[in-house]
Visitor: 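A single structure is presented below for examination.
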Amino acid sequence: MFWPMLAIALAFCGIAVLGVLAAKVLVEVRRLARQVSESSVRITRAAEDLERAATPLAGHASHTFRQD
């Protein structure tokens with residue numbers, strides 16, 4: 001009777017450990033998703049800034065090429 005109860009206790013402990021690890025993974029995945037979302041917003045904002053900065057330069061370059 002001792003061995004079956006020990007096996008059940010060890011199985012329960014193993015499942016409990018897996019549950020704790022799964023919760024940790026869930027928390028880290030949510031944190032990573034939040035960081036990816038924030039990085040995406042920053043990249044979009046930087047691309048828009050670059051586009052705004054490049055527009056006058058492109059107009060100036062096309063004007064310079066037409067003069068030649």
Visitor: List in chain and number order the residues that pass side chain to side chain donor-acceptor pair (under 3.5 Å) with Glu48, two or more places apart in sequence or in another chain; answer none if no residue qualifies.
Guide: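 Expected list: none.
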Visitor: So which pairs with a foot in residues 7-23 pass side-chain hydrogen bond (donor to acceptor under 3.5 Å, both in side chains), sequence neighbours left out?
Guide: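 The answer is none; no pair qualifies.
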Visitor: Please give the remaining members of the hydrophobic cluster of Phe12, linking ILVMFWY side chains under 4.5 Å, ordered by chain and number.
Guide: none
Visitor: In the hydrophobic clustering that connects Ile, Leu, Val, Met, Phe, Trp and Tyr at side-chain heavy-atom distances below 4.5 Å, which members other than Val17 occupy its cluster, ordered by chain and number?
Guide: Leu21
Visitor: How is the hydrophobic cluster of Val27 composed, in terms of its other members, when Ile, Leu, Val, Met, Phe, Trp and Tyr link through side-chain heavy atoms under 4.5 Å apart, directly or indirectly?
Guide: none
Visitor: Report the residues that fulfil side-chain contact (heavy atoms from CB on, under 4.5 Å) with Arg30, sequence neighbours left out, ordered by chain and then residue number.
Guide: Leu26
Visitor: Give every residue pair that meets the salt bridge (Lys or Arg N to Asp or Glu O under 4.0 Å) criterion with at least one member in residues 18-29, sequence neighbours excluded.
Guide: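 Listed once each, the pairs are Glu28-Arg31.
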Visitor: Using a 4.5 Å cut-off between side-chain heavy atoms of Ile, Leu, Val, Met, Phe, Trp and Tyr, which other residues end up in the same hydrophobic cluster as Leu32?
Guide: Val36
Visitor: What verdict does the salt bridge (Lys or Arg N to Asp or Glu O under 4.0 Å) test give for Arg34 and Glu38, after you've listed the backbone C-alpha separation in whole Å, the side-chain angles of each residue and the deciding distance to 0.1 Å?
Guide: CA-CA 6 Å; Arg34 196 174 326 123; Glu38 183 179 323; over 6 Å; no
Visitor: Under the side chain to side chain donor-acceptor pair (under 3.5 Å) rule, collect the residues that match up with Arg45, sequence neighbours excluded.
Guide: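 Arg45 satisfies side chain to side chain donor-acceptor pair (under 3.5 Å) with no other residue.
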Visitor: Tabulate below the donor-acceptor pairs under 3.5 Å that side-chain atoms of residues 50-57 make, not counting sequence neighbours, or state none.
Guide:
{"from": "Arg52", "atom 1": "NH2", "to": "Asp49", "atom 2": "OD1", "distance (Å)": "2.2"}
{"from": "Thr55", "atom 1": "OG1", "to": "Glu51", "atom 2": "O", "distance (Å)": "2.7"}

Visitor: With sequence neighbours left out, what residues match Leu10 under side-chain contact (heavy atoms from CB on, under 4.5 Å)?
Guide: Leu6
Visitor: Partners of Ser39 by side-chain contact (heavy atoms from CB on, under 4.5 Å), sequence neighbours excluded?
Guide: none
